[in-house]
Structure formats: C-alpha cells, structure tokens
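Just below is one structure, and these are the notes that go with it.
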Amino acid sequence: MALVSRVSGFSSCPVSSHFREDKTCWRNPVCSLNFTTSSSSPFTEKHSIENSGAEEVLKVLREKRESGGCDGGEGSCGPGNVYLVGTGPGDSELLTLKAVRVIQNADLLLYDRLVSNDVLELVGPDARLLYVGKTAGYHSRSQEEILELLLSFAEAGATVVRLKGGDPLVSSIAKCEKDETGIVFGRGGEEMDFLQNQGIQVKVIPGITAASGIAAELGIPLTHRGIANSVRFLTGHWRKEGTDPLFVAENAADPDSTLVVYMGLSTLPSLALKLMHHGLPSDTPAVAVERGTKPQQCLVFAELKDLADEISSAELVSPTLIVIGKVVALSLFWPHSSREASLLVEVK
C-alpha cells in the first residue's frame, strides 16, 4: 500500500488542495502540515539584479569606499564580512533569529534556488540580491564565479550574505549535480575555505537541515529507542561525477538505522535493490517528500520495494528527500495499520 499526497496551506482533514495543472498526485488525502504563505511560488529569480548589474553595484561600492578614505593607503579600511546563512528546509518561520537579523542588515545577498520568496522578503530595502542558483543543465553562475563574487564584494567592504537552503556546513562533501538541496551535501565548506584563505572573515549561521525539518514536520523521529539507534545521510550523486551511491549500500542496509537520501530520485531504483540485496527488509517503511515544509509539499509513503514505482507514478521532481527506516511507520500519516506502529514502540 502507498499513500501519495500533494497539499497546500495549513488545514485539518478533509483537505482542500491546489494542484499543479500539469499533474496531480492525490490518493487517500492527509492533513497538510504547512502554513499558508502569500507567495505564489517558493522559488524565484524575480528579486535578483541582472548579472550585468553586479559589476555596476561593485563599482559603486568601491567608489563609496574610496570616497570615505578607504583608498588602500595607511588609513584604508578592512574588508567586509561574509555570512554563510542556512535558511532551513523552506518554511521562513524556521529561520533562526540571528539569521533574520543578518539578512535584514546585509548589503548584498547571493541566494540559491531553494531560498523561498518569504525569506527574500526579509531583506532590507537598500540591499541587493543576486541569484546564483543551479538546476540540472543550468547554472546561473559557475562555482568559481560565485567564489569571486563573494571575494570581490567583501574586499569592497560590503556585508555579504550567502543564503543556502538547509544548513550551510553540516557536511560539504558532495557536488550537487542534479539537485540543490543545498545544505548537507552542498558547497558551503568550499566557500568558507576559499574566503578564509584570502583573508576574509567568514561567519556561519546554521539552519535546520532538510532531514531534520522534514522529518519533524511529518512526525518522524530519525532515531528512536528500540527502533533506530542511528541515522545516516546519503547523497545520490557523488563528487567525482558519478551518479550511483551503491558502493555504500552494504553498510547502509541496517534495519536498526534510519537512512536519509538527498538527491536520490534517479538512483533510488538501483539503491533500493541493493539495500534489499544486502538484507534490508523489502517491507521497510519509506517516504519521499518533494518540496518539504513548503506549500507545494508532496508526500509518497510506501514500502521500500514499492517506493521507486510510486515516486515514478506521482512524478515527483527535485528537491525530493527520501527517508527509509522503521521510524517512518511512527508518522501519523503512514498509511498502514496503527497497530504496526504501536508494535514498533514496545520496549524490547
């Protein structure tokens, strides 16, 4: 049995939902866990200055700096600060107070595709925004260009904020080939290292990771006494241009652990087979969450053996997070019997 739900806004059952015109995926509706937002779309480039405008802004900053006595001589001023700010899984109300303060006081903000309009509305009236997001087949800026922009604006004395979905530094070990979940498998560590090597002070403001935020939204504890004693984060796309994380499946096939897969839509079919081959039960509960915590959130609950097919039927797209493990059955939205969940939590 599988349950697929696409919902919008905060409500109680029964749910009135707004679907995309090109597809719907609604079977056995469940309550929405999202708050209503005024934004028509959570992702946009409309606030961004034109790419050519970045150079003009940089020129103005340099001229202002020089007119204020920062001309490179003995009285020169130091560089500005760069803040790597995690914006969480999407809901702007999950931002930290420190993140809000820094966003409101920034001179320039470089933001990714998964930063919502609600977050961008917090930006101060005199600040400039520059979109540097990436999608499959389209990079608005290369990573090298992003690094140079951060450096150039900081050297011009600006307070620069790099907005990233989720948390900017939890584990910057993978290159986001297909999906920009940002965050646990993003480029924050590389940006910090580069800037610090150039003498720029970098301050990191953590955000809620997609795994933590989405799991909490669905009532799924990533660990639970007697059910799951550990959690493992896995990227579906490795840095060395590979696309198959199967080499870790043998160690990841632990029925007493929770597996969270980022950027795993394309590799899930082979990953699921490999996990089952190495001993993970085929009926292990699992859920795929597209655009988690956002008004467009779509949920697909299924057993591991059926998950890939159900995701395909629902036509989920990135960003989608996948959680595999017995703890998924503890969610109130797990479509199987409540007795199964109650049996899981019995003290062993």
Side-chain angles (χ1 to χ4, degrees), residues 37 39 42-45 47-49 54 57 61 79-134 140-141 143 145-173 176 179-196 198 200-214 262 292-294 319:
T37 176
S39 301
F43 312 123
T44 183
E45 296 183 45
H47 297 282
S48 178
I49 59 177
V57 173
L61 285 171
N81 292 325
V82 174
Y83 294 86
L84 301 183
V85 178
T87 62
D91 185 348
S92 62
E93 293 188 338
L94 297 178
L95 284 170
T96 66
L97 294 175
K98 189 172 186 178
V100 172
R101 176 174 58 80
V102 169
I103 290 170
Q104 291 175 336
N105 290 287
D107 296 315
L108 177 76
L109 301 97
L110 283 71
Y111 66 100
D112 288 340
R113 180 173 66 97
L114 301 188
V115 177
S116 69
N117 281 342
D118 290 339
V119 172
L120 298 181
E121 292 298 330
L122 298 172
V123 173
D126 297 325
R128 296 300 185 97
L129 284 158
L130 181 60
Y131 177 74
V132 293
K134 303 169 186 176
S140 61
R141 294 272 186 172
Q143 187 61 30
E145 289 177 311
I146 293 172
L147 293 174
E148 288 301 324
L149 281 168
L150 292 169
L151 177 61
S152 297
F153 278 95
E155 288 180 336
T159 298
V160 184
V161 169
R162 178 74 167 97
L163 291 177
K164 290 176 169 287
D167 184 276
L169 287 183
V170 170
S171 180
S172 304
I173 64 174
C176 300
D179 189 340
E180 198 183 308
T181 47
I183 30 195
V184 169
F185 296 105
R187 307 294 290 269
E190 296 177 27
E191 293 168 357
M192 182 176 68
D193 290 343
F194 171 80
L195 291 168
Q196 289 178 338
Q198 301 297 320
I200 304 298
Q201 184 174 8
V202 180
K203 299 180 180 180
V204 179
I205 299 177
I208 297 175
T209 68
S212 297
I214 291 171
Y262 288 79
T293 79
K294 304 179 183 72

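We count residues from 1, following the sequence as given.
The structure places CG of Leu110 at 12.0 Å from OH of Tyr131, a figure rounded to the nearest 0.5 Å. We find the OG1-CG distance between Thr159 and Asp107 to be 4.5 Å, quoted to the nearest 0.5 Å. Rounded to the nearest 0.5 angstrom, Leu108 CG and Arg128 CZ are separated by 9.5 Å. If you take NZ on Lys164 and CD1 on Ile205, they are separated by 14.0 Å, rounding to the nearest 0.5 Å. Taken from OG in Ser116 to CG in Leu95, the straight-line distance is 7.5 Å, to the nearest 0.5 Å. Taking CG of Asp126 as the reference point, atom CG of Asn105 lies at 11.0 Å (rounded to 0.5 Å).
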Can you give each donor-acceptor pair under 3.5 Å made by side-chain atoms of residues 145-152, sequence neighbours left out, with the distance rounded to 0.1 Å?
residue, atom, partner, partner atom, Å
Glu145, OE1, Ser142, N, 2.9
Glu145, OE1, Ser142, OG, 3.4
Ser152, OG, Glu148, O, 2.8

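Using a 4.5 Å heavy-atom cutoff, the side chains of Leu120 and Leu163 are in contact. With a 4.5 Å cut-off on side-chain heavy atoms, Leu97 and Arg101 do not count as touching. Residues Tyr262 and Thr209 have side chains in contact (heavy-atom distance under 4.5 Å, counting atoms from C-beta outward). At a threshold of 4.5 Å between non-hydrogen side-chain atoms, the residues Asp118 and Glu93 do not count as touching.
A pairwise comparison of heavy atoms in Leu109 and Ala127 identifies CD1-CB, 3.8 Å as the closest pair. Nearest heavy-atom pair across Val204 and Pro168 is CG1-CG, 3.8 Å. Taking both residues in full, the closest heavy atoms of Ile214 and Pro89 are given as CG1-CB, 4.4 Å, listed atom of the first, atom of the second, then distance. Between Lys294 and Gly90, the shortest heavy-atom distance links the atoms CE-CA, 3.8 Å. When all heavy atoms are compared, the tightest approach of Phe153 to Val160 is CB-CG2, 3.7 Å. Between Ile200 and Ala154, the shortest heavy-atom contact is CG2-CB, 3.8 Å.
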Could you go through the side-chain contact (heavy atoms from CB on, under 4.5 Å) check for Thr293 and Ile208 one step at a time? CA-CA 11 Å; Thr293 79; Ile208 297 175; over 6 Å; no
Does the side-chain contact (heavy atoms from CB on, under 4.5 Å) test come out yes or no for Glu191 and Val202, once each step is laid out? CA-CA 9 Å; Glu191 293 168 357; Val202 180; over 6 Å; no
